[in-house]
Structures are given as C-alpha cells and as structure tokens.
S.K.: 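Sharing a structure with you now.
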Amino acid sequence: MQKLVFLFLFFCSFCVAQENTAQHFTAILKDSTNIEAQSIFGVDNFGTLYYATENNSFHKKTKDTTITYANFQLGDITSANTFNPLKINLFYRDFNTVVILDNRLAEISKINFNSIQPYKNVSFVSSGFNNSIWLFNDDFQYLELYDYKTNTIKLKTVPVQSEVLDLKSDYNYCYLLTKNHLYVYNYFGSLIRKIENSGYDSLAFNEAHLVLKKGESLFILEKNESIIQPIKHPKMLIKQFLVTNETVYIYGLNLLRHYQLKIE
C-alpha cells in the first residue's frame with residue numbers, strides 16, 4: 001500500500017513539474033501602423049511592408065519609398081509570398097497565373113497554367129528553393145514542387161483527403177493546412193509531421209515559428225515541436241496576421257498592430 005501511495009505522489013509531482021516547465025506565450029503590443037490595404041502579405045526584418053490595394057496594385061513600402069506593381073488584366077491578387085524578396089510570387093487564382101517579381105517589382109517570369117502542358121488547375125502557391133514554387137494541384141489534390149524555368153515537376157506528394165485552407169513555405173519546409181490536418185513536408189516532399197486540425201483556418205510562418213488562427217484566437221507551433229499552444233493576446237477582429245521573428249502582426253480596421261511574442 002505504501003508503494004502505491006509513493007507511486008501516486010511521484011506521478012502527481014511529475015505532472016506538476018511538466019506543467020510548470022511548459023512555455024506560455026503572450027503577445028504584447030509594441031507599436032502600430034496606419035495603413036489602408038485590401039491585403040497585407042509580408043513584413044520583413046527591416047519593417048518593409050508588402051501589401052495590395054483595392055485597385056489590384058501590389059506595393060512594397062519602405063521607410064523612405066513606395067514602389068508599385070500592377071497588372072490589371074489579371075484581376076485581384078489571391079496571395080503573395082515575400083519570403084524571398086528577390087523572387088516574390090504573386091498568385092492570381094481567377095486567371096490561374098503566377099507572376100514572379102524581383103526586389104524592384106519588375107517582372108522576372110509569368111506562368112500561365114492555362115497554356116502550359118500538362119494543364120494545371122492551381123488553388124494555392126508558395127515559394128520553393130531556387131527557381132521552384134510549391135503548387136497545390138486542385139484536380140489531383142496533391143502538392144507539386146514546380147520549376148518554372150524548365151517547366152518541370154521536381155516532386156509530387158501523396159494526395160490529401162480534405163479541403164485545403166492554406167499553404168506556406170520557405171526553402172526547407174512546406175506547411176499545408178487542410179480542414180482535417182496540418183501537414184509538414186521537407187524540401188524533398190517527404191511528410192515529416194501530420195497534426196490533427198482542431199478548427200484552425202489559416203496560418204502564418206517564418207523560420208522560427210508557425211502561427212495558426214482559430215476564429216479570433218492565435219496559436220503557435222514551435223519549430224520541431226508537435227504541440228500547438230495558445231497565444232495570449234487582446235481580443236479583436238483579426239482580418240489578417242503575420243509573423244516575423246519574434247513579432248506577430250495583426251491587421252484590422254486599417255491598423256497594423258505590432259506585438260512582441262513573449263515566451264515565459
């Protein structure tokens with residue numbers, strides 16, 4: 001009986017120790033920026049803003065200058081990936097087209113998947129390494145790593161079985177959020193993690209953290225971890241959110257709020 005009591009007390013103390021050593025994440029307001037945008041796509045380490053306005057123009061705004069790219073024939077910009085500022089990709093889903101821009105927002109390439117063989121019906125796009133981009137092929141329900149210089153497919157993943165909600169990537173990893181699961185792939189296209197989706201609808205990503213949104217709440221998945229944890233932050237309308245290093249940006253009502261991510 002004494003042994004059972006000892007084991008019970010040891011187990012309780014172990015659980016308390018685990019709880020006490022768990023990290024807690026809090027978003028603390030540090031600054032804000034007034035900006036009227038249809039969508040905000042990125043903020044880099046130097047505070048450069050990448051965003052689109054209602055006239056279908058894409059802007060790069062630094063402290064001193066703002067430069068603009070516009071292609072009115074392609075309609076609204078569905079997404080823009082600014083991870084590599086030398087090869088920014090803009091995706092125009094209505095026209096099944098991707099435009100690659102340099103750091104001066106000059107066109108490097110334009111990929112019209114309607115005219116490329118074999119035809120691809122693309123629903124999500126994100127950056128890959130070198131001259132490649134990650135595509136989600138809506139007809140076959142799988143990811144492709146596509147080389148737009150040589151018009152070749154470097155790899156394909158196994159098809160997913162539920163609706164795709166979001167896609168983000170860098171040179172090393174690709175995160176695919178579906179209604180049922182979050183899939184994490186490496187740059188070889190190998191699935192390295194699969195986490196059940198408990199209601200997350202979109203994600204933001206940088207080299208250190210993956211942040212997910214569920215309604216008006218934010219959560220974080222640290223690198224090489226499998227447990228998604230809540231971020232404590234003020235309640236507000238979250239139209240969009242971004243993450244750069246230890247800063248979480250929340251956009252709504254023409255105000256971009258800068259929150260420092262504090263880990264305790």
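Worth knowing before you read on, the calculation uses all heavy atoms, side chains too, and leaves out hydrogens, waters and symmetry mates. Everything quoted here is computed from the prediction, not taken from an experiment.
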S.K.: How about I228 and I195: do any of their side-chain heavy atoms sit closer than 4.5 Å?
M.R.: yes

S.K.: Between D201 (side chain) and G215 (backbone), is there a donor-acceptor pair under 3.5 Å?
M.R.: yes

S.K.: Could you walk me through whether K214 and S198 satisfy the side chain to side chain contact (heavy atoms under 4.5 Å, CB included) test, starting with their C-alpha distance in whole Å, then the side-chain angles of each, then the deciding distance to 0.1 Å, before giving a yes or no?
M.R.: CA-CA 9 Å; K214 181 193 297 185; S198 60; 3.5 Å; yes

S.K.: Determine whether Y51 and V43 fall in the same hydrophobic cluster, where Ile, Leu, Val, Met, Phe, Trp and Tyr are linked whenever their side-chain heavy atoms lie under 4.5 Å apart.
M.R.: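 Yes, Y51 and V43 fall within the same hydrophobic cluster.
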
S.K.: Should V98 and F140 be counted in the same cluster of Ile, Leu, Val, Met, Phe, Trp and Tyr side chains packed under 4.5 Å apart?
M.R.: no

S.K.: Would you indicate whether the side-chain heavy atoms of L221 and R193 approach each other to under 4.5 Å?
M.R.: yes

S.K.: Do H59 and T66 pass the side-chain hydrogen bond (donor to acceptor under 3.5 Å, both in side chains) test, and can you show the C-alpha distance, the side-chain angles, and the key distance before you say yes or no?
M.R.: CA-CA 7 Å; H59 307 274; T66 300; over 6 Å; no

S.K.: Classify the angle between the aromatic ring planes of F136 and F124 as parallel (below 30°), tilted (30 to 60°) or perpendicular (above 60°).
M.R.: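 Rings of F136 and F124: perpendicular, as their planes differ by over 60°.
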
S.K.: Just wondering, more than 12 heavy atoms not from I227 lying within 6.0 Å of its CD1?
M.R.: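 Incorrect, the count does not exceed 12.
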
S.K.: How long is the gap from CZ on F83 to CD1 on I88, to the nearest 0.5 Å?
M.R.: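 Those atoms lie 12.5 Å apart.
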
S.K.: Checking S127 against N89 for the side-chain hydrogen bond (donor to acceptor under 3.5 Å, both in side chains) test, could you report, in this order, the C-alpha distance in whole Å, the side-chain angles of both residues, the deciding distance, and whether it holds?
M.R.: CA-CA 7 Å; S127 293; N89 63 68; 2.9 Å; yes

S.K.: Among T244, T33, T247, which residue satisfies the side-chain hydrogen bond (donor to acceptor under 3.5 Å, both in side chains) criterion with H258?
M.R.: T33

S.K.: So F58 and T53, side chain to side chain contact (heavy atoms under 4.5 Å, CB included) or not? Walk me through it.
M.R.: CA-CA 7 Å; F58 179 76; T53 49; over 6 Å; no

S.K.: Run the side-chain contact (heavy atoms from CB on, under 4.5 Å) test against F129 and tell me which residues pass, sequence neighbours left out.
M.R.: S132, L145, K154, Y171, Y187

S.K.: Is it the case that more than 12 heavy atoms not belonging to L253 sit under 6.0 Å from its CG atom?
M.R.: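 Not more than 12 within 6.0 Å, no.
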
S.K.: From L212 CG over to L203 CG, what is the distance, rounded to the nearest 0.5 angstrom?
M.R.: 5.5 Å

S.K.: Which pair of non-hydrogen atoms, one from T82 and one from G42, has the smallest distance, and what is that distance?
M.R.: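 Looks like OG1-CA, 3.7 Å.
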
S.K.: I'd like to check the salt bridge (charged side-chain N to carboxylate O under 4.0 Å, His left out) partners of K120; sequence neighbours left out, ordered by chain and number.
M.R.: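 Once residues adjacent in sequence are excluded, the partners of K120 under the salt bridge (charged side-chain N to carboxylate O under 4.0 Å, His left out) criterion are E144.
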
S.K.: Could you tell me if the side chain of I220 sits less than 4.5 Å from the side chain of L210, heavy atoms only?
M.R.: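 L210 vs I220: side chains apart.
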
S.K.: Check whether any side-chain N or O of K60 sits under 3.5 Å from a backbone N or O of T48 as a donor-acceptor pair, and report yes or no.
M.R.: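 It does not hold such a pair.
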
S.K.: Stepwise, does the side chain to side chain contact (heavy atoms under 4.5 Å, CB included) test hold for I40 with L256?
M.R.: CA-CA 9 Å; I40 294 183; L256 182 66; 4.1 Å; yes

S.K.: For F41 and S79, work out which heavy atoms get closest and say how close.
M.R.: CE2-CA, 3.8 Å

S.K.: Pair up each side-chain donor or acceptor in residues 111-119 with any protein partner under 3.5 Å, not counting sequence neighbours, and list the distances.
M.R.:
{"residue": "N112", "atom": "OD1", "partner": "N114", "partner atom": "N", "Å": "2.9"}
{"residue": "N112", "atom": "OD1", "partner": "N114", "partner atom": "ND2", "Å": "3.2"}
{"residue": "N114", "atom": "OD1", "partner": "N96", "partner atom": "ND2", "Å": "3.2"}
{"residue": "N114", "atom": "ND2", "partner": "F95", "partner atom": "O", "Å": "3.0"}
{"residue": "S115", "atom": "OG", "partner": "N112", "partner atom": "O", "Å": "3.1"}

S.K.: Please report the shortest heavy-atom distance between S126 and S169, naming the atom on each side.
M.R.: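 What the structure gives for the nearest pair is OG-OG, 2.7 Å.
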
S.K.: Report yes if some heavy atom in the side chain of L237 is under 4.5 Å from a heavy atom in the side chain of E216; otherwise report no.
M.R.: yes

S.K.: How far apart are the C-alpha atoms of L135 and L143, what are their side-chain angles, what is the distance that settles it, and do they pass the side chain to side chain contact (heavy atoms under 4.5 Å, CB included) test?
M.R.: CA-CA 6 Å; L135 312 173; L143 278 173; over 6 Å; no

S.K.: Determine whether L242 and V248 fall in the same hydrophobic cluster, where Ile, Leu, Val, Met, Phe, Trp and Tyr are linked whenever their side-chain heavy atoms lie under 4.5 Å apart.
M.R.: no

S.K.: D147 side chain to N151 main-chain N or O, any donor-acceptor pair under 3.5 Å?
M.R.: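 Looks like no, no N/O pair under 3.5 Å.
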
S.K.: Not counting sequence neighbours, which residues clear side-chain contact (heavy atoms from CB on, under 4.5 Å) with P234? List them please.
M.R.: M236, Y259

S.K.: Name all pairs fulfilling the salt bridge (charged side-chain N to carboxylate O under 4.0 Å, His left out) condition that reach into residues 87-113, sequence neighbours left out, sorted by first residue then second.
M.R.: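 Listed by first then second residue: R93-D138.
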
S.K.: Specify the closest pair of heavy atoms between P85 and Y50, including all atoms of both residues, with the distance to one decimal.
M.R.: CB-OH, 3.8 Å

S.K.: Within 45° of the six-membered ring axis of Y251 and under 6.0 Å from that ring's centre, is NZ or CZ of K239 located there?
M.R.: no

S.K.: Quick one: pull up CG in L74 and OH in Y92 and give me the separation to the nearest 0.5 Å.
M.R.: 5.5 Å

S.K.: Could you go through N55 and S57, starting from their C-alpha distance and side-chain angles, then the distance that decides it, and tell me whether this counts as side-chain hydrogen bond (donor to acceptor under 3.5 Å, both in side chains)?
M.R.: CA-CA 6 Å; N55 61 358; S57 297; 3.1 Å; yes

S.K.: A side-chain contact here means heavy atoms from C-beta on lying under 4.5 Å apart; do N81 and F91 qualify?
M.R.: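 SC-SC contact between N81 and F91 ruled out.
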
S.K.: Under the side-chain contact (heavy atoms from CB on, under 4.5 Å) test, which residues partner N206, sequence neighbours left out?
M.R.: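 For N206 the side-chain contact (heavy atoms from CB on, under 4.5 Å) partners, ignoring immediate neighbours, are A208, H209, V243, N245.
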
S.K.: If you round to the nearest 0.5 Å, how far is NE2 of H233 from CZ of R257?
M.R.: 12.0 Å

S.K.: Nearest 0.5 Å please: distance from the OH atom of Y69 over to the CG atom of N56.
M.R.: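 Result: 11.0 Å between the selected atoms.
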
S.K.: Spell out, yes or no, whether I100 and V122 are grouped together once hydrophobic residues are joined by side-chain heavy atoms under 4.5 Å, including indirect joins.
M.R.: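 Yes, same cluster.
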
S.K.: What's the separation between atom CG in D76 and atom OG in S39, rounded to the nearest 0.5 Å?
M.R.: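 Here the rounded value is 8.5 Å.
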
S.K.: Shortest non-hydrogen contact from V158 to Y185?
M.R.: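 Minimum heavy-atom contact is O-OH, 4.5 Å.
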
S.K.: I need the minimum non-hydrogen distance between F241 and S202, along with the two atoms involved.
M.R.: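 Residues F241 and S202, closest heavy atoms: CE2-OG, 3.3 Å.
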
S.K.: Check whether any side-chain heavy atom of E163 lies under 4.5 Å from a side-chain heavy atom of T178, and answer yes or no.
M.R.: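 Answer no - side chains too far apart.
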
S.K.: Side chains of K213 and I238: closer than 4.5 Å at any heavy-atom pair?
M.R.: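 A side-chain contact under 4.5 Å exists here.
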
S.K.: Do L105 and V99 land in one hydrophobic cluster if side-chain heavy atoms of ILVMFWY residues count as linked below 4.5 Å?
M.R.: yes

S.K.: Quick check: do Y175 and L167 have side-chain heavy atoms less than 4.5 Å from each other?
M.R.: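 No, too far: nothing below the 4.5 Å cut-off.
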
